[in-house]
Amino acid sequence: MKPQILKGTRDFLPEQIFKREYIFNTIRSVFKTYGFLPIETPVMEHLNTLTGKYGEEGDKLLFKLLNNGDFLAKADAKALEEKNSSALIPSISKRGLRYDLTVPFARFVVMHQNDISFPFKRFQIQPVWRADRPQKGRYQEFYQCDVDVVGSTSLLYEAELLQIYDEVFKSLGIKVTIRVNNRKVLQGIAQDAGIADRWMDMTIAIDKLDKIGKDGVTDELSKKGFTAQSTEKIFKSINCESLEELNLDSEIGRLGIAELNEIHAFLGDHTFYNKVKFDPTLARGLGYYTGFIVEVLADDVKIGSIGGGGRYDDLTASFGMKDMSGVGISFGAERIYDVMEELDLFPTDNNAATKIILLSFDKESLMHANQLAINLRASNIATEVYPSAAKMKKQMKYANDRKIPFVIVIGSNEISDKKYGLKNMDTGETDHLTLDKIIQRLT
RNA sequence: GUGGUUGUAGCUCAGCUGGUUAGAGCGCCUGAUUGUGGUUCAGGAGGUCGCCGGUUCGAAACCGGUCUUCCACCCCA
């Protein structure tokens, strides 16, 4: 049996874990300064909790788990006969892996509504799964770091979330552009152009503006059957650089603009470290967004978005709880990792690792080394003991490869003198000190 | 899901139009050096050429399938 790993998944080596922890810890500490509380949910959910929330495309990307037991006995015979996969699924699969953290959170809120107080501010850092075709920065298993507030329609939270994005990427050292829009503005643009009922089609087309250009979008719009007059009106709207210029003949559109203005008002004279800009072409696919939407792109690395989010007014309604508006954003840990790796932004010191290793020449000094290690650890110094009196070169090489900064070599001299040579592996210098002095030096 | 692309030693890659025992650099192991790593020198180990099948006297090379990688579309973190 040849060892293999599933496509779109990865193992993490210790060094990678340290770097990932650095990202998670940075994000977590910002979340906490805004009063967000941690939760976790199961990796599996009832399939009907997940389906229908992410649009048609999203449903296709859900990982489904085959029922246990004699699942064929209970399978839909007709669907099986006709080889109709999508009709067969409900009868052979009742569970799926979560596709994001937002929908399970909505389910969580409804189930625990009596245990939490609203507005409920939570954060969650866990893996999610998508049966997408992998590419660079696109995996089938990846971690999301989500912050959401549910139970308030206040646009104060939109303002908070923008600040959180700005602060996190500032402290990670990644320069980003934060694009902001509002679904109501998109609906308004469509209504203004006289195509209110087809605003989603329009949105999908204009979302591609920076990729295929104005001509490409014009083509796509005419292919979808929009008139030249509508297309012209759409372009007039999306060419607006600022909110002030945008003048829509649409009530819902004006509401969207008013919402964006209010977020602006909440922010007052706060200045962002990163670029935050209104972009009427920003669409975002996730089906459940209803108002504010946001997306984050790294300025210096060509990779997809490294964060995204928005407001969802009705997500808990499908679990039987109305009037429970929520808003939230997500950080894509894997892509942030890839960006930081490419830009060499990870700090070089890792104080989580072993600080000192004790080497020995024979059985007796190995025993002594272990007694010494017990003392060092009692003083909270991360200590290892090389497990055998192997050749000194081999022991030193291990210390070197592991990047352990200090070494003590123990032999009969050290045991009788009670003084040990503390060797600094960077400089190569050795100081002969008592145990007390060594503990002082390393703490 | 559609179209394309990649896969040779632990890593990065050579290997001409199919022709004996498949190479390099780095890394690894051993020694020079029986109380001190990173340098140097000498020697050594390591590959069912992703996997399965086909064509051929003969396949790492050609064909088909499959898995994987990356790219475009779709969508997204």
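Just so we're on the same page: letters track the sequence lines, and every chain starts at 1. Computed from a predicted model, the values in this text were never measured in an experiment.
- Partner of A:Phe24 under the ring pair (Phe, Tyr, Trp, His ring centres under 6.0 Å) criterion, chosen from A:Tyr143, A:Tyr337, A:Phe331: A:Tyr143.
- Going from atom CD of A:Glu295 over to atom P of B:C76 covers 9 Å, rounded to whole Å.
- Between the P atom of B:C76 and the CG atom of A:Leu61 lies a distance of 9 Å, rounded to the nearest Å.
- The distance between atom CG of A:Asp59 and atom P of B:C75, rounded to the nearest whole Å, is 15 Å.
- A salt bridge is absent between A:Asp338 and A:Lys136; no separation between the charged side-chain nitrogens and carboxylate oxygens falls under 4.0 Å.
- Across all strands shown, B:A42 forms a Watson-Crick or G-U wobble pair with B:U30, both key distances being under 3.5 Å.
- With a 6.0 Å cutoff to the six-membered ring centre and a 45° limit on the axis angle, A:Arg10 counts as a cation-pi contact of A:Tyr139.
- Checked for salt-bridge contact, A:Arg98 and A:Glu45 miss the test: no charged N lies under 4.0 Å from a carboxylate O.
- At whole-Å resolution of the value, CG in A:Leu282 and P in B:C76 are 11 Å apart.
- A:Lys214 forms a cation-pi arrangement with A:Phe235, by the criterion of a distance under 6.0 Å to the ring centre and an angle within 45° of the ring axis.
- Remark: the separation of the P atoms in B:A42 and B:G47 is 25 Å, to the nearest Å.
- Comparing the same atom, C1', in B:A9 and in B:G25 gives a spacing of 12 Å after rounding to whole Å.
- The closest side-chain heavy-atom distance from A:Val294 to A:Leu161 is not below 4.5 Å.
- Taking atom P in both B:A22 and B:C26, the straight-line distance is 22 Å, to the nearest Å.
- In this structure, A:Glu334 atom CD and B:A77 atom P are separated by 13 Å, rounded to whole Å.
- Spacing between B:G4 and B:G64 at atom P, rounded to whole Å, works out to 11 Å.
- For the C1' atoms, the distance from B:C11 to B:A72 is 29 Å, rounded to whole Å.
- Comparing the same atom, C1', in B:A60 and in B:C49 gives a spacing of 4 Å after rounding to whole Å.
- Nucleotides B:G27 and B:U40 are separated by 8 Å at their P atoms, to the nearest Å.
- Here B:G37 sits opposite no nucleotide as a Watson-Crick or G-U wobble pair (both hydrogen-bonding atom distances under 3.5 Å).
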### Query
If the sugar-phosphate is the primed atoms plus P, OP1 and OP2 and the base is the rest, what is the B/S/- string for nucleotides 65-71 of chain B, using protein heavy atoms under 4.0 Å?
--SSSBB
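- Between A:Tyr99 and A:Tyr54, the ring planes are tilted. Angles from 30° to 60° get that label.
- In terms of position on RNA chain B, the residue among A:Asp401 and A:Gln140 whose nearest nucleotide sits closer to the 5' end is A:Asp401.
- Across the protein-nucleic acid pair, A:Arg130 atom CZ and B:C74 atom P stand 17 Å apart, rounded to whole Å.
- Distance A:Tyr289 OH to B:C75 C1': 14 Å, rounded to the nearest Å.
- When heavy atoms are screened at a 4.0 angstrom cut-off, A:Gly307 is found touching the sugar-phosphate backbone but no base atom.
- Using the Watson-Crick or G-U wobble rule with both distances under 3.5 Å, B:G53 pairs with B:C63.
- Ion pair A:Arg130/A:Asp100 not flagged as a salt bridge, since none of the NZ, NE, NH1 or NH2 atoms sits closer than 4.0 Å to an Asp/Glu carboxylate oxygen.
- Here the side chains of A:Val180 and A:Asp279 are not in contact, with every heavy-atom distance at 4.5 Å or above.
- Comparing B:G23 with B:G46, their P atoms sit 14 Å apart, to the nearest whole Å.
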#### Entry: Per-nucleotide protein contact string for nucleotides 29-39 of chain B, where B marks a base within reach and S marks sugar-phosphate only (heavy atoms under 4.0 Å, - for neither)
S-SB--BBBB-
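- Both distances falling under 3.5 Å, in either a Watson-Crick or a G-U wobble arrangement, place B:U2 opposite B:A72.
- Residues passing the salt bridge (Lys or Arg N to Asp or Glu O under 4.0 Å) test with A:Asp299 are A:Lys275, sequence neighbours excluded.
- By the criterion of a centre-to-centre distance under 5.5 Å and near-parallel planes under 30°, the ring of A:Phe331 forms no stack with the base of B:A77.
- Taking atom CD1 on A:Ile125 and atom P on B:A77, their separation rounds to 17 Å, with Å as the unit.
- Considering CG of A:Asp313 and CZ of A:Arg183, their distance stands at 11.5 Å, rounded to 0.5 Å.
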